[in-house]
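Structure record follows, encoded as C-alpha cells.
Counting starts at 1 for both ligands and their atoms, in listed order.
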Amino acid sequence: MGRKDGPSWGSRGGGGGVFSSRITIAVVIGITLGSFLAYISPHGFFLHSTPTDTRNSHGSVASSARTNTELPASSFSHRIALTEDAKIAKIQEELTAQKKENDRLLKERIDLKRQILELSREKNAAQTKAMTFGPPVKAGPVGTMKSLRTFPTVEPGNEITNPELAELLQEVAINRELIVGVSNRNVLQMLKVWFDSIKVAGIKNYLVIALDDHTADFCRENKVPVYRRDATISSAQKDTGDNHAVSGLKFHLLREFLVLGYSVLLSDVDIVYLQNPFDHIYRDCDVESMTDGFDNLTAYGYDDVSDDASMGWARYAHTMRIWVFNSGLFYIRPTVASIELLDRVTLRLSKEKAWDQAVFNEELFFPSHPGYEGLHASRRVMDFYQFLNSKVLFKTIRKEPANYAHIKPVTIHVNYHPDKLDRMLGIVEYYIKGIKNALDKFPDGSE
Ligand SMILES: *[C@@H]1O[C@H](CO)[C@@H](O)[C@H](O)[C@H]1NC(C)=O
C-alpha cells in the first residue's frame, strides 16, 4: 500500500524539485557567463570560424552560432534556452513514464493484496493445524501474539453419508465452494431473477435446493443446477410463516454441505448478483456475513453510551452495539465451529418459536455466561457497500449516484422491503440494463 502513496509519488515530487532548481542554476550561470564574455570580448567570440565550419564541427549548436555570428553573447543564452527546452521535454517524458509506472503499481498493488489475503489464509490454516496438534505455543514479545481466526477445517469421513450430494458438488463447486439458494414453488419469480443475475455475472458454482418437484422441474428447464430435497420442517417452526420456516430449515440443510468439506455462500433468493462474490470474500473466519447495518457504525460496531442521570457521577454506561448479521447471505466455512453453529441454531429452532436470524446472531455473539456456554466462532462483517442491503441502496446510494459512482456492488439483497420482486427487477434494470431512472419510482421504505 505504501508503494502508491509513498516512495513512487515521493520520488516524483522530489525529482521535479531537483530539476527545476537545476534549471534555475543553469539559467543564472548562463546569464553570468554571457555577460562576462560580452565584457571581455565585445567583438565576438566565434569570429574566427566561418558559419559553414561551425555547422560541420559543432553540430546543432553551430546553427545558432551561424545566425548570431555578430552577437556571440546572446548565442550563449540561446544555447542555454535550447538545453532548457530539451530538459523540459525530458521532464515531460519522465512524467508520462511515471504516470504509466503508477498505473502499473496500482495494478500490482491489487494483485499483491490478493496474494497477501491468500497467504494469510494459508498461514491461518497452518497455525490452526499447529495449535490443534502441536505442542503449546511459547509467548513472544509484544505485538507478535496472534490468536486463531478460524477453527480447524473438517474433512469428509471415509463413509460419505450423502453420495448423491457429494457427486453433485463435485460437478458444481469450484475450489470447494459454491452459492446455495433454498427455494420452494412460492418464490419462483424471484428465483428466476436470482439465477438469471447469477448467470449474467458469469458465476458457475451455484446450486438450488428445491423443496418440491415443481421447483426442481423449473430449475431443470432453466438449466440451473438443482438438488431436490424434501422439506422436513420441525413442528415448532410450522406456524411461524412460510418464509421463516424455510429459513429455519436451511441451517439444517447446510450441514450436509459442510460435512462434505465444502464452503457455502448461503443465499436467499431475494438477492440480485452483479459480480462474482467469490472474488470479494476473505475466507479468514468461520462465518462471513452481510449486515443489516447501513453505515460504518451500525455495520461494524460502536460504543453506544446509555445515560441514567440518577446515577450522578456514573450516569454514563457504555454498551456494545452492532446491527445484526443478515442470515440471508453469509459465507460459512467447513469448520468445527461452523457446524456447531448450524447445529445450535437448528436445535433451538426445533424447540422455540423464534426468528432464525435472531437465533443465528445470538449464537454468534453472546459470550459464555452462567447457564450458557458461548460458541466463540470467528466472524467477519462483509463490506456493506459491496454486499448491499436494500436500505443502503434506496436511502443512500440511489439518491446521490455521483457520490457513489465508485461503489460497485457485488450483491444487493432486498431485505428491507416487502415488494421484493418489483425492487429486484428495478435493480436489474438500473445496474444491468443501465436504465438510470429505474429506481426512482420506489419509496425509501414501505408505505
Ligand atoms: C468507513 O470505514 C472505512 C474503512 O472501513 C473507511 O475507509 C471510511 O473512511 C469510513 N468512513 C467514514 C465516513 O468514517
Taking NZ in K204 as the centre, count heavy atoms belonging to other residues, nucleotides or ligands within less than 6.0 Å. Is the count above 12?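 At most 12 heavy atoms, drawn from other residues, nucleotides or ligands, come within 6.0 Å of this atom.
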Protein heavy atoms near atom 9 (O) of ligand 1, is at least one of them under 4.0 angstrom away?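 Protein heavy atoms within 4.0 Å of atom 9 (O) of ligand 1 - there are none.
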Does atom 4 (C) of ligand 1 have a protein non-hydrogen atom under 4.0 Å from it?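 Neighbour list for atom 4 (C) of ligand 1 is empty of protein heavy atoms (cut-off 4.0 Å).
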Under the side chain to side chain donor-acceptor pair (under 3.5 Å) test, residues paired with D103 that sit two or more places apart: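 Partners of D103 under the side chain to side chain donor-acceptor pair (under 3.5 Å) test: none.
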Would you mind checking if D268 and K250 are paired as a salt bridge, meaning a charged N to carboxylate O distance below 4.0 Å?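 A salt bridge is present here (some side-chain N lies under 4.0 Å from a carboxylate O).
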Any atoms of ligand 1 less than 4.0 Å from a non-hydrogen atom of N296? List them with their elements.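 Numbered from 1, ligand 1 contributes 1 (C), 2 (O), 3 (C), 8 (C), 10 (C), 11 (N), 12 (C), 14 (O).
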Restricting to salt bridge (charged side-chain N to carboxylate O under 4.0 Å, His left out), what partner residues turn up for D217, sequence neighbours left out?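 R220.
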